[in-house]
Amino acid sequence: MSKTEQPGDSEKEVVAVTKHGQATIPKRFRDKLGIDAPGKVLFRETEEGEVIVEHVRSPSEMRGFATRSEATTDKPATQILREKREQDRDERDARFSTEG
């Protein structure tokens with residue numbers, strides 16, 4: 001069972017964790033992050049100790065990525081992907097910091 005809490009401006013939801021360490025990501029957060037099932041998420045910890053959940057794109061979502069505007073560069077594909085992930089993470093962090 002989950003319980004929605006909205007103290008102040010932040011949105012929080014308590015979810016149960018099974019004995020196997022599994023938890024269900026609430027639908028509104030999956031929708032906000034663009035997470036489809038089955039799928040993957042990345043948990044990362046910031047230097048401040050906050051845990052961030054990020055959507056991990058599937059290979060099919062990445063298909064055609066290099067053919068976009070970045071294809072005119074001499075950068076290796078791995079560097080382009082790394083920079084794109086950082087850009088997406090920065091945009092997501094900025095969006096959540098203004099919402100919460």
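Residues passing the salt bridge (Lys or Arg N to Asp or Glu O under 4.0 Å) test with Asp31, sequence neighbours excluded: Lys27. By the side-chain hydrogen bond (donor to acceptor under 3.5 Å, both in side chains) test, Thr78 pairs with no residue at all, sequence neighbours left out. Gln79 pairs by the side-chain hydrogen bond (donor to acceptor under 3.5 Å, both in side chains) definition with Glu83, not counting sequence neighbours. Residues satisfying the side-chain hydrogen bond (donor to acceptor under 3.5 Å, both in side chains) test with Glu48, not counting sequence neighbours, are Thr46. Arg92 is linked by a salt bridge (Lys or Arg N to Asp or Glu O under 4.0 Å) to Glu54, counting only residues two or more places apart in sequence or in another chain. Listed by chain and residue number, Gln87 satisfy the side-chain hydrogen bond (donor to acceptor under 3.5 Å, both in side chains) test with Glu91 (two or more places apart in sequence, or in another chain).
Taking NE2 of His55 as the start and CG of Leu33 as the end, the distance is 8.5 Å to the nearest 0.5 Å. A distance of 11.5 Å separates CG in Asp93 from CD in Glu86, rounded to the nearest 0.5 Å. The CZ atom of Arg57 sits 16.0 Å away from the NZ atom of Lys40 when rounded to the nearest 0.5 Å.
Cluster annotation: Val17 is not connected to Val14 through the hydrophobic network of ILVMFWY side chains, with a link wherever side-chain heavy atoms come within less than 4.5 Å.
With Arg44 contributing its side chain and Ile52 its backbone, the two residues share no donor-acceptor pair below 3.5 Å. Of the possible polar contacts, one joining the Thr18 side chain to the His20 backbone as a donor-acceptor pair under 3.5 Å is found.
Using a cut-off of 4.0 Å between Lys/Arg side-chain N and Asp/Glu carboxylate O, Asp36 and Arg30 are scored as not salt-bridged.
Residues Val41 and Val53 have side chains in contact (heavy-atom distance under 4.5 Å, counting atoms from C-beta outward).
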If you apply the rule side chain to side chain contact (heavy atoms under 4.5 Å, CB included), what do you find for Val56 with Leu42, and how did you get there? CA-CA 6 Å; Val56 175; Leu42 170 72; 3.7 Å; yes
